[in-house]
Participant: 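Next up is a structure, given as structure tokens.
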Amino acid sequence: MRTLNEVLYVAQTTGEAPPEVGFFTWDVPENVLYADGALADLFGLDPAVSSQGLPIETYLDRVHSEDRPRLAKTIRDSIVADRPQQETYRVMNTEGSYVFVTGFGRGFRNQEGDIVRYVGIVVPTNVQTAPRHYSH
């Protein structure tokens, strides 16, 4: 799996434009995920609505059914273990096609130790750099 630095390095050394990175903030107690336009486009959602917040399930519904349980577990494990996560998976974009993305995220706790925010980025991933366990 490639790190964000590797993705950006390849773009820089090949002269390609870096991928459009999508940013999000998830208010965990309220279950509202706020996303920028790039993330909305990656997930095939309306940018105006995404910026105002949607339940995380709206995003998970756009993840390929074979990848959804693994992604949900990775996010859960990240929250429980209080560590960052990185996961590559497929999402349905605005054109109705599945594309590979890699998400990076981590949770933040309040003074009482409760998880209150989960923030991260999602980067389009070239199919050639996706993990081998995908047959597409």
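The shown structure was predicted, so the numbers you read here are calculated from the model rather than taken from an experiment.
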Participant: Measure up the Y89 and F43 rings against each other and bin them: parallel (under 30°), tilted (30 to 60°), perpendicular (over 60°).
Facilitator: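 The arrangement is tilted - the two ring planes meet at 30° to 60°.
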Participant: Can you measure from CZ (F104) to OG (S78) and round to the nearest 0.5 angstrom?
Facilitator: 13.0 Å
Participant: Determine whether more than 12 heavy atoms belonging to other residues, nucleotides or ligands lie under 6.0 Å from atom CD of E112.
Facilitator: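 Yes, CD of E112 has more than 12 neighbouring heavy atoms, counting only those of other groups under 6.0 Å.
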Participant: Determine whether E57 and N31 satisfy the following criterion, side-chain contact (heavy atoms from CB on, under 4.5 Å), listing intermediate values before the conclusion.
Facilitator: CA-CA 9 Å; E57 291 82 8; N31 191 30; 2.9 Å; yes
Participant: Got a second to check how far R62's CZ is from R90's CZ, nearest 0.5 Å?
Facilitator: 14.5 Å
Participant: Step by step, work out the side-chain contact (heavy atoms from CB on, under 4.5 Å) result for L33 and L54.
Facilitator: CA-CA 5 Å; L33 192 147; L54 293 166; 5.7 Å; no
Participant: Could you give the distance from CG (D36) to CG (D41), rounded to the nearest 0.5 Å?
Facilitator: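 So the CG of D36 and the CG of D41 are separated by 9.0 Å.
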Participant: Say you draw a straight line from CG of D82 to CD1 of I115; how long is it, rounded to the nearest 0.5 Å?
Facilitator: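 Rounded to the nearest 0.5 Å, the CG-CD1 separation comes out at 6.5 Å.
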Participant: Would you name the heavy atoms of I121 and F24 that are closest together and state the gap between them?
Facilitator: N-CE2, 3.7 Å
Participant: Once you round to the nearest 0.5 Å, how far does CG of D46 lie from OG of S51?
Facilitator: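 Answer for the CG-OG pair, D46 versus S51, is 8.0 Å.
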Participant: Where do S50 and Y59 land on the side-chain contact (heavy atoms from CB on, under 4.5 Å) test, with the steps shown first?
Facilitator: CA-CA 10 Å; S50 294; Y59 292 87; 3.2 Å; yes
Participant: For I79, does its backbone N or O pair with a side-chain atom of R109 as donor and acceptor, under 3.5 Å?
Facilitator: yes
Participant: Under 4.0 Å between a side-chain nitrogen and a carboxylate oxygen: does that hold for D27 and R117?
Facilitator: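 Yes.
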Participant: State the OG1-CZ distance between T25 and F108, to the nearest 0.5 angstrom.
Facilitator: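 Taking OG1 in T25 and CZ in F108, the distance rounds to 9.5 Å.
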Participant: For the residue pair V91 and V99, establish whether any side-chain heavy-atom pair is separated by less than 4.5 Å.
Facilitator: yes
Participant: Please check if I56 and V49 belong to a single hydrophobic cluster, counting links between Ile, Leu, Val, Met, Phe, Trp and Tyr side chain heavy atoms closer than 4.5 Å.
Facilitator: yes
Participant: Would you mind listing the cluster partners of V32? Hydrophobic ones only (ILVMFWY), side-chain contacts under 4.5 Å, chaining allowed.
Facilitator: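 Y34, listed by chain and number.
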Participant: Take R83 and D77 through the test side-chain contact (heavy atoms from CB on, under 4.5 Å) and record every step on the way to the result.
Facilitator: CA-CA 8 Å; R83 61 177 169 73; D77 291 351; 3.7 Å; yes
Participant: Considering non-hydrogen atoms only, spot the tightest contact between P47 and A40 and give its length.
Facilitator: CA-CB, 3.6 Å
Participant: Where do Q85 and I75 come nearest, in terms of heavy atoms and distance?
Facilitator: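 Where Q85 meets I75 most closely, the heavy atoms are NE2-CG1, 4.4 Å.
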Participant: Does the T74 side chain pair with the main chain of R70, one donor and one acceptor, at a distance under 3.5 Å?
Facilitator: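 Confirmed, T74 side chain pairs with R70 backbone.
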